2 protein chains.
Amino acid sequence: MNKKKQQTEQTKKKIADAARALFAQKGYKATSIEDIVKATGCSAGNIYYHFKNKEGLFLYLLEEWNAEWDKTWLDKETLYPTTIDKLYGMAEQLALDQLNHPLTKAADEFFNNSEKARDVEERIHEMVKGYLDFNRQLLQRGIDNHEFETTNVTGLAIILDSLMLGLNQHSRRMEREEALEAYRLAMDVFLHGIAKPTRTR
Amino acid sequence: MNKKKQQTEQTKKKIADAARALFAQKGYKATSIEDIVKATGCSAGNIYYHFKNKEGLFLYLLEEWNAEWDKTWLDKETLYPTTIDKLYGMAEQLALDQLNHPLTKAADEFFNNSEKARDVEERIHEMVKGYLDFNRQLLQRGIDNHEFETTNVTGLAIILDSLMLGLNQHSRRMEREEALEAYRLAMDVFLHGIAKPTRTR
DNA sequence: TATAATACTGAACTTTTATTCAGTATTATA
DNA sequence: TATAATACTGAATAAAAGTTCAGTATTATA
């Protein structure tokens with residue numbers, strides 16, 4: 001009850017690694033099962049033995065990715081004293097993540113694709129909810145700390161996610177420093193706005 | 001030299017109208033040429049007589065759409081006294097446009113699709129540049145009017161576009177009023193930020 | 001060792017869909 | 001009216017790519 005499990009783990013990892021690299025490089029649709037077959041040396045059938053289908057394989061990678069993001073974040077988070085610092089930290093991590101690991105492009109393609117099975121649609125929806133919850137909790141802490149003056153936490157969570165989502169797309173055309181700067185600027189604006197402080201709001 | 005041109009115009013419009021509705025409803029990839037054939041009653045060959053290919057047809061619709069957006073905007077713009085008002089007005093128009101005319105979803109699918117011809121990639125890039133220029137000019141006017149305190153106009157143009165881009169995605173899951181409110185809130189944040197006005201920046 | 005379970009192969013299947021093109025019909029030109 | 005140009009037909013093409021499955025090999029179980 002060991003050599004089998006070990007083998008399965010190893011093969012699954014081999015497929016996942018190759019698929020991740022290919023999806024990142026070529027995009028979701030442009031990466032065929034045949035490509036993964038060539039890259040791994042294992043058969044098409046074997047891929048379908050370990051993963052439900054192409055969508056399932058990609059979802060697996062997405063969730064693995066999310067889990068790693070969370071882990072990295074938890075390690076960092078305590079280092080940031082204020083919520084404002086945390087926000088800048090989050091923006092930086094998102095920027096770096098995107099620069100190092102361009103699965104984001106394939107993810108956008110996947111999310112925006114019109115032909116998705118019902119269960120896939122649901123899992124994506126769950127993920128989005130997860131991102132929003134993350135933002136909501138972060139912002140709520142800022143409110144509790146009296147760092148922010150706002151009531152509509154849910155609304156702001158969406159604004160923040162929108163900002164990151166959009167930047168994610170734009171930063172694909174940027175160099176490393178440019179991207180990092182853009183994410184910082186986005187946080188500046190999110191926190192302080194651009195209007196002169198007349199504050200007639 | 002008349003009945004022919006008239007016929008061409010009419011057919012082209014018939015195809016464009018049907019395609020627009022289908023793309024909006026089903027998405028880009030999920031809309032087949034066959035669908036358009038059925039909806040218009042004209043043959044597949046005829047579609048290819050009037051448009052280079054499926055991509056070309058979609059690009060035609062996109063550019064038509066952009067042109068209309070500009071026209072609508074120019075009509076409204078003068079009604080807004082300050083740049084701040086203009087920004088809220090722009091956000092509202094984007095929200096409404098998206099609510100009434102969900103070609104945006106298909107457009108995202110199209111933009112994010114990994115398999116695009118070189119010339120298509122370029123036309124998309126031109127469009128993005130157009131959006132950024134639009135933002136840049138708007139913001140520059142605000143600076144000239146001393147409404148904003150900022151120097152990095154180009155950076156802010158990207159931030160603004162990112163915000164609208166991301167909201168565009170989120171607002172698909174919203175009702176009309178909710179979406180409008182989200183766009184307004186986004187503008188509030190863009191202009192004033194969420195941090196308490198300590199302004200240690 | 002015999003049997004069951006698991007891991008894997010790879011060719012064939014299936015389906016989908018954009019695109020073409022030889023040929024026809026309609027309208028403009030001279 | 002003859003000829004050229006334009007508008008259109010629709011069946012055939014063609015190529016891709018995800019998925020399946022009957023069969024084989026390897027390992028666990030009893």
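The sequence lines fix the lettering, A, B, ..., with proteins before strands; numbering per chain opens at 1. Model, not experiment: these values are computed from the prediction.
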**Asked** Which nucleotide sits closest to the side chain of B/Gln7: C/dG10, D/dA7, C/dA18?
**Response** D/dA7
**Message:** When both hydrogen-bonding distances must be under 3.5 Å and the geometry is Watson-Crick or G-U wobble, what is C/dT14 paired with, if anything?
**Reply:** D/dA17
**Asked** In whole angstrom, what separates A/Asn46's CG from D/dA25's C1'?
**Response** 12 Å
**Request:** Measure from the side-chain heavy atoms of A/Tyr49 and tell me the nearest of C/dA11, C/dT6, C/dT17.
**Result:** C/dT6
**Side chain of A/Lys54 - closest among D/dT19, C/dT19, C/dA7** = D/dT19
**Asked** Counting side-chain heavy atoms from C-beta on, which of D/dT6, D/dT19, C/dT9 comes nearest to B/Lys4?
**Response** D/dT6
**Message:** Is B/Ser43 close enough to D/dT9 that one of its side-chain N or O atoms is under 4.0 Å from OP1 or OP2 there?
**Reply:** yes
**Asked** Does B/Thr11 place a side-chain N or O at less than 4.0 Å from the phosphate oxygens OP1/OP2 of D/dC8?
**Response** yes
**Asked** Closer than 4.0 Å, any side-chain N/O of B/Ser32 to the OP1 or OP2 of C/dT17?
**Response** no
**Distance in angstrom units between A/Ile33 CD1 and C/dT9 P, rounded** = 14 Å
**Asked** Of the nucleotides C/dG10, C/dA18, C/dA28, which has the atom closest to the B/Lys3 side chain?
**Response** C/dA28
**Item:** 5′-ward residue of the pair A/Gly41/B/Glu55 relative to DNA chain C
**Value:** A/Gly41
**Request:** Quick one: look up who D/dA30 pairs with, Watson-Crick or G-U, both distances under 3.5 Å, and put none if it's unpaired.
**Result:** C/dT1
**Request:** Would you indicate which nucleotide in C/dC8, D/dA7, C/dT20 comes nearest to any side-chain atom of B/Ala44?
**Result:** C/dT20
**Request:** Quickly work out the A/Ile36 CD1 to D/dA16 P distance and round it to whole Å.
**Result:** 17 Å
**Item:** Residues B/Asp17, B/Arg20: salt bridge by 4.0 Å N-O rule
**Value:** yes
**Prompt:** So what's D/dA25 paired with, Watson-Crick or G-U wobble, going by both distances under 3.5 Å?
**Reply:** C/dT6
**Item:** Protein-nucleotide distance (A/Lys52, atom NZ; D/dT20, atom C1'), rounded to Å
**Value:** 15 Å
**Message:** Could you tell me if B/Lys129 sits above the aromatic ring of B/Phe134, with its cationic atom closer than 6.0 Å to the ring centre and no more than 45 degrees from the axis?
**Reply:** no
**Prompt:** Taking NZ, NE, NH1 and NH2 as the nitrogens, is one of them in A/Asp133 or A/Arg136 under 4.0 Å from a carboxylate oxygen of the other?
**Reply:** yes
**Fill in**
When rounded to whole Å, the CD to P distance for the pair B/Glu34 and D/dT13 reads 17 Å
**Prompt:** Do NZ/NE/NH1/NH2 and the carboxylate oxygens of A/Arg141 and A/Glu147 come within less than 4.0 Å?
**Reply:** no
**Item:** Interatomic distance where CZ belongs to B/Phe51 and P belongs to C/dA18 [whole Å]
**Value:** 15 Å
**Item:** Whole-Å gap separating P (D/dA17) and NZ (A/Lys29)
**Value:** 8 Å
**Asked** In whole Å, what is the span from the CD atom of B/Gln6 to the P atom of D/dC8?
**Response** 12 Å
**Asked** Tell me, do A/Tyr28 and A/Lys105 make a side-chain contact under 4.5 Å, heavy atoms counted?
**Response** no
**Prompt:** What nucleic acid atoms does B/Thr40 come within less than 4.0 Å of, heavy atoms only: base, sugar-phosphate, or nothing?
**Reply:** nothing
**Prompt:** Do B/Lys29 and A/Glu115 meet the salt-bridge criterion of a basic N to acidic O distance under 4.0 Å?
**Reply:** yes
